[in-house]
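Note on naming: letters A, B, ... go to the chains in the order of the sequence lines (proteins, then strands), and numbering restarts at 1 for each one. Worth knowing before you read on, the calculation uses all heavy atoms, side chains too, and leaves out hydrogens, waters and symmetry mates.
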Amino acid sequence: MNGIPMEHGLILAAILFAIGLAGLMFRRNMVFVLMSLEIMLNSAGLAFIVAGTAWEQPEGQAMFLLVITLAAAEASVGLALLIQLYQRFRTLDTDAVSGMRG
Amino acid sequence: MLTSAHMMALTPVILVCATAVTVMLGIAWRRQHAATALVSILGLNLALVSLYLVYSAGDVSTPLLVFDRLSMLGMVLVLASTLACLTMSHAYLEGYPGRKEEFYLLMLCAAAGGMVLVASQHLATLFFGLELLSMPLYGMLAYTYRDKRSLESGIKYLVLSAAATAFLLFGMALLYSQSGRLDIAGLLAGLESSGGGAWALAGAGLMLVGLGFKLSIVPFHLWTPDVYQGGPGPAATFLATASKAAVFIVLLRIVMVAPAFHVEWLHTVLGGLALLTMIVGNLLALIQTNLKRLLGYSSIAHFGYLLVALVVADGLAVETAGIYLITYLMTTLGAFGVVTLLSSPYSGEDASALHHYRGLFWRRPYLAAVLTVCLLSLAGIPFTAGFIGKFYIVALGVEAGRWWLVGGIIAGSVIGLYYYLRVMVTLYLVEPGMRGRDAPDNWGMKAGGVVVLGLALLVIAFGVYPTPVIDWMSVLTSPVH
C-alpha cells in the first residue's frame, strides 16, 4: 500500500470509531446521536478499505458498499423517527422521551 | 455460477421475498387487511413446504450461503415463529386506527433476513442477514408511533442496534485485516495460522460485543426490557423469538466451524458472560411489575442458559442447543401470545402491567391456563417442555464438568421459580372490582387464539412425550447428511 503500513490506516479508523462512540455516549441531541452513528459506521468502512487494499483484494471495497448502504438506510429510518419525536415532544433531546425505567 | 441446484436450495428465501413483494404491490393497489394477512401466511406456509423439499434434496453450499441441516433447523424455527407472530398481529392490528398492512411487509422482510442469517457462512451474508433482520424491527417497534412508549422503544432500539452493528462491522474489518479472508471457515483458519495478535484479539472482542448485544447478553442487555415493554405485542414477540433464534444459530455455526475456538480464554470469557447473564437476568426479573418487562428479563436469563451450550461446544452441544431453543420458542410465543391477545384489538398501550392480570382466571379461564402452562415451562417444571430443555442443558454442563455453570443454572432456576409463581398467583386472585383490559369474547375462535391454545398443548405434549422432537433434533443436528 504505497509504503503506508496497514496499521496506520487501522489506527486512524480506530480513532474515528472512538470519536463516534464518545459522541454517542455524551450527546443527548438526536441529530448528533445519528451523526455519531454515521461516523462509527464509516470508520468500519474505512477499516475495510484499508484491509482490502493491503491484501490487494476487491472484497474490502465490496464490504464498504454494503456498509454505506446500511448507513444510508439507518439514517433514513432514524430521521423518520426523529421527525415523529419532534412533532410529539417539540424537542430533539433523547432524555425527554426516556420514560421507561427499571 | 448459479446452477439449478442452487436455485432450488434458495427457493424458501425466494418465496418469502416474493411474498413481501406481493404484499407491497397489493398495498399499492388496494388496502385490505384480511387479504394481506392471508397472503403473508400463505407465502410463509409455502416456504415451509419448500424447505422440506430442499431438505430431502441434500446439502448445497455456495461461497456465501450454506444449506445444511443446521440452516434447515434455523429456517424452520424462524418461519414457524414468524407464522405465529403474523397470526397474532392480525388480531392485534384489527383495532389499530392507522395503516395496518405495512406491518406484514416489515415482518416478511425480517423473516427473509433471519433465513439468510442462519444460512450464512461468509461475513458479508452474516452482516446482510443481520441487518435485514434488524432494520424492519425498528419500524415494527415504532409502528404504533402515536403511543409514546412505542416511539421510545423504536428510537432506543435503532440507536443501540446501530451502535452494535458498528461494533460488529469494526470487529469484522479488523479480523479481515489480519486474515485476508471473509468466509468464516477461511477467516478462522487464517487467524489460527497467523497466531492472532492484538488486532485480531480486538476484532474478536468487538464482534462478540455486537452479537452479544443482539442476544442481550449481560452487560449488553440494558435495552431489552424497555424495548419489549414499549413495542407493540407482535413486534416484541418477534424480537424475542425469531430474531434471537436466528442470531443464536449463526453464533452456533461460528463456534462449530472454529478450530481457533478451542482457545481457553474465549471459553473463560463466554463462561463468565453466561454465568453473569443467568444470575443478573433472574435477579432483575424479581423486581418487575410489568409482565412484558418480566418476560424480557426472563429471556435474558434463558439466553444465559443457552450460552452454556456454546461454552461446552462439543459432544451433544448442538443437539442440546436445538432442543433448548425449540422449547424456549414454544413457551415464549405462548406467553407473549397471551399478552398480545389481552391487548387485542389495539387500543393504546398494551395490557402488560401485572394488575391487568389480577383475577384473569375468573374472567378468561382458558387464557389463564395457557399463561400458567407457559410460565411453568419457563420455570422448567416437569411435564412441560421447559423441563426437557433445562434437563439437557444441565446434563451437558455436568458431562463437561463445568460445575460453576451448573450451579448458576440451578441458582437461576430457583430465583426464576419465585417470580414465575408470583405471576401465577396473581392470575388466580379473586377479582377486586376493577376490571383490567380484556380479550374479545370470541378470542378462542380467532386464528390468534387457536395458535396460543395450540402452543400450550405443544408445550405439555413435548413435556410428557419428548421422544419425537428429540429424534428429529438429533437427525437435524448430526453433521453428516
Side-chain angles (χ1 to χ4, degrees), chain A residues 6-7 9-10 13-14 16-17 20-21 24-25 30 33-34 36-57 59-60 62-67 69-71 73-78 80-82 84-85 87-89 94 96-102, chain B residues 122-125 127-128 130-132 134-136 138-139 141-142 145-146 148-163 165-183 199 202-203 206 225-230 284 287-290 293 297:
Chain A
M6 181 173 69
E7 278 69 25
L10 289 183
L16 280 176
F17 189 83
L21 187 61
L24 183 70
M25 289 197 293
M30 187 69 188
V33 168
L34 288 178
S36 307
L37 286 175
E38 219 53 20
I39 296 175
M40 285 170 82
L41 286 173
N42 280 321
S43 75
L46 177 66
F48 269 117
I49 293 276
V50 167
T53 316
W55 288 94
E56 295 180 346
Q57 288 172 347
E59 273 102 327
M63 284 301 283
F64 179 72
L65 286 179
L66 282 178
V67 173
T69 317
L70 169 81
E74 203 97 65
S76 66
V77 180
L81 291 183
L82 180 139
Q84 287 305 328
L85 175 73
Q87 282 192 342
R88 242 196 102 87
F89 297 96
T94 44
V97 265
S98 195
M100 292 180 279
R101 289 259 182 274
Chain B
H122 192 277
L123 290 187
T125 37
F127 162 66
F128 176 77
L130 196 61
E131 284 318 303
L132 192 54
S134 312
M135 195 68 78
Y138 311 150
L141 286 169
Y145 60 87
R146 287 187 186 84
K148 179 174 170 246
R149 301 201 167 204
S150 171
L151 185 63
E152 178 185 345
S153 78
I155 292 177
K156 271 191 177 159
Y157 190 64
L158 172 93
V159 171
L160 293 172
S161 164
T165 306
F167 272 98
L168 185 74
L169 277 173
F170 202 76
M172 282 180 183
L174 290 184
L175 290 182
Y176 173 56
S177 74
Q178 299 307 302
S179 66
R181 299 286 292 274
L182 275 172
D183 57 306
W199 285 109
L206 287 173
D226 288 357
V227 169
Y228 282 18
Q229 186 193 348
L284 286 177
I287 50 172
Q288 300 308 320
T289 54
N290 181 305
R293 282 186 91 82
Y297 280 114

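Contacts between L82(A) and chain B at a heavy-atom distance below 4.5 Å are absent for every atom of the residue. In this structure, chain A has a heavy atom under 4.5 Å from the side chain of A142(B), while its backbone stays farther away. For L174(B), the part sitting under 4.5 Å from any heavy atom of chain A is the side chain, from C-beta outward, and nothing else. Only the side chain of L182(B) comes within less than 4.5 Å of a heavy atom in chain A; its backbone stays farther off. Only the side chain of V33(A) has a heavy atom closer than 4.5 Å to any heavy atom of chain B. Heavy atoms closer than 4.5 Å to chain B are found nowhere in A80(A), neither backbone nor side chain. When heavy atoms are compared at a cutoff of 4.5 Å, F17(A) approaches chain B solely by way of its side chain, counted from C-beta outward. For F127(B), the part sitting under 4.5 Å from any heavy atom of chain A is the side chain, from C-beta outward, and nothing else. With a threshold of 4.5 angstrom between heavy atoms, A71(A) does not approach chain B through any atom at all.
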Could you check T165(B) against L37(A) for side chain to side chain contact (heavy atoms under 4.5 Å, CB included), going step by step and ending with a plain yes or no? CA-CA 10 Å; T165(B) 306; L37(A) 286 175; over 6 Å; no
Checking side chain to side chain contact (heavy atoms under 4.5 Å, CB included) for the pair K148(B)/F89(A): CA distance, chi angles, key distance, verdict? CA-CA 10 Å; K148(B) 179 174 170 246; F89(A) 297 96; 3.6 Å; yes
Show, in sequence, the C-alpha distance, side-chain angles and deciding distance for M172(B) and M63(A), and conclude whether the side chain to side chain contact (heavy atoms under 4.5 Å, CB included) test is met. CA-CA 10 Å; M172(B) 282 180 183; M63(A) 284 301 283; 4.2 Å; yes
Is there a side chain to side chain contact (heavy atoms under 4.5 Å, CB included) between M30(A) and V159(B) once you walk through the steps? CA-CA 9 Å; M30(A) 187 69 188; V159(B) 171; 4.3 Å; yes
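Closest heavy-atom contact between L24(A) and A163(B): CD2-CB, 3.5 Å. Counting all heavy atoms, side chain and backbone alike, M135(B) lies closest to E74(A) at CE-N, 3.9 Å. Counting all heavy atoms, side chain and backbone alike, A47(A) lies closest to F170(B) at CB-CE1, 4.1 Å. Of all non-hydrogen atoms in G180(B) and Q57(A), the two that sit nearest each other are O-NE2, 3.0 Å. Contact record, G60(A) with Y176(B): N-OH, 3.5 Å, taken as the closest heavy-atom pair. Nearest approach of W199(B) to L10(A), heavy atoms of both residues: CH2-CB, 3.7 Å.
Interatomic distance, OG of S98(A) versus CG of D226(B), reported as 6.5 Å (0.5 Å rounding). The CZ atom of R88(A) lies 11.0 Å from the CD atom of E152(B); values are rounded to the nearest 0.5 Å. Remark: L21(A) CG to F167(B) CZ distance equals 4.5 Å, nearest 0.5 Å.
Options S43(A), G20(A), S36(A) differ in how many heavy-atom pairs under 4.5 Å they form with chain B, and the most are formed by S43(A). Your options are L206(B), N290(B), I155(B), and the one with the most heavy-atom pairs under 4.5 Å with chain A is I155(B).
Annotation: side chain of S177(B) is not in contact with side chain of E7(A) (no heavy-atom distance under 4.5 Å).
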